[in-house]
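Residue numbering restarts at 1 for every chain, and letters A, B, ... go by the order of the sequence lines.
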Amino acid sequence: KNEVEQSPQNLTAQEGEFITINCSYSVGISALHWLQQHPGGGIVSLFMLSSGKKKHGRLIATINIQEKHSSLHITASHPRDSAVYICAVAGNQFYFGTGTSLTVIP
Amino acid sequence: ETGVTQTPRHLVMGMTNKKSLKCEQHLGHNAMYWYKQSAKKPLELMFVYNFKEQTENNSVPSRFSPECPNSSHLFLHLHTLQPEDSALYLCASSQDSMGRHGELFFGEGSRLTVL
């Protein structure tokens with residue numbers, strides 16, 4: 001069983017929709033990261049958080065340490081948001097989810 | 001530009017070839033990593049270097065040989081690979097190896113195909 005579970009695995013949305021991606025983890029962590037991977041491979045760090053909530057443009061990340069759960073929200077989704085979103089946690093090492101593949105249709 | 005540069009971006013090699021992947025980071029970080037990404041699987045940690053010293057080898061076969069000459073450069077030497085080694089190999093760096101003091105920064109990856 002993977003230490004980090006994401007849902008859904010695949011997500012298709014219409015442009016403008018509000019999107020939520022969920023991440024649950026089973027290990028003790030010092031921080032949780034949300035990463036974005038576009039076709040071609042490169043991975044970009046979107047957020048690093050250890051409590052509460054962070055906002056960057058149309059992206060919002062929340063974490064509930066007691067429930068070991070985090071969500072990534074995208075407001076007013078756009079086709080350029082199409083990518084794989086990966087949840088990673090920093091425990092005694094980095095653990096990664098398998099990613100959520102998001103496609104936003106114009 | 002993420003601050004982490006990987007070369008080559010694409011590599012095709014036969015099972016008897018010897019090749020190397022290169023990673024360079026310009027972020028002043030102390031920790032560097034090699035990850036393997038196969039389809040539909042989580043990123044798999046291969047090696048961790050902290051202050052040029054290898055701190056983790058995640059049971060990686062000896063046909064993969066890492067080298068870290070300094071905190072800014074990391075190599076992955078490849079020798080007699082198998083077709084199942086075909087994957088995207090990602091280099092990353094962070095301020096320290098436990099991720100407590102900063103984000104992970106990834107390179108664009110090297111897409112390896114073993115024939």
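- Following chains of ILVMFWY side-chain contacts shorter than 4.5 Å, one can reach B:Y33 starting from A:L35, so the two form part of one hydrophobic cluster.
- For chain A, the nearby part of B:L90 is the side chain; its heavy atoms alone come within less than 4.5 Å.
- From A:H33, atom NE2 reaches atom OG of B:S94 across 8.0 Å, with rounding to the nearest 0.5 Å.
- Contacts between A:Q37 and chain B at a heavy-atom distance below 4.5 Å involve the side chain alone, from C-beta outward.
- B:V114 and B:L76 fall within the same hydrophobic cluster, defined by Ile, Leu, Val, Met, Phe, Trp and Tyr side-chain heavy atoms under 4.5 Å apart, directly or through other members.
- In this structure, the portion of B:Q37 lying under 4.5 Å from any heavy atom of chain A is its side chain and not its backbone.
- Linking ILVMFWY residues whenever their side-chain heavy atoms come closer than 4.5 Å, directly or via other members, leaves A:W34 and B:F106 in distinct clusters.
- Of the two parts of A:I86, only the side chain, counted from C-beta on, holds a non-hydrogen atom closer than 4.5 Å to a non-hydrogen atom of chain B.
- The hydrophobic cluster containing B:L88 also contains B:L45, counting ILVMFWY residues as joined when their side-chain heavy atoms lie under 4.5 angstrom apart, directly or transitively.
- Heavy-atom contacts from other residues, nucleotides or ligands closer than 6.0 Å to CD of B:E84 number more than 12.
- Side-chain contact between B:P42 and A:V4 is absent, with no heavy-atom pair separated by less than 4.5 Å.
- Linking ILVMFWY residues whenever their side-chain heavy atoms come closer than 4.5 Å, directly or via other members, leaves B:Y89 and B:V12 in distinct clusters.
- At a heavy-atom separation below 4.5 angstrom, chain B is approached by no residue within residues 13-21 of chain A.
- Interface residue B:R9: only side-chain heavy atoms are found under 4.5 Å from chain A.
- For the atom pair CZ (A:F94) and OH (B:Y35), the distance works out to 6.0 Å, reported to the nearest 0.5 Å.
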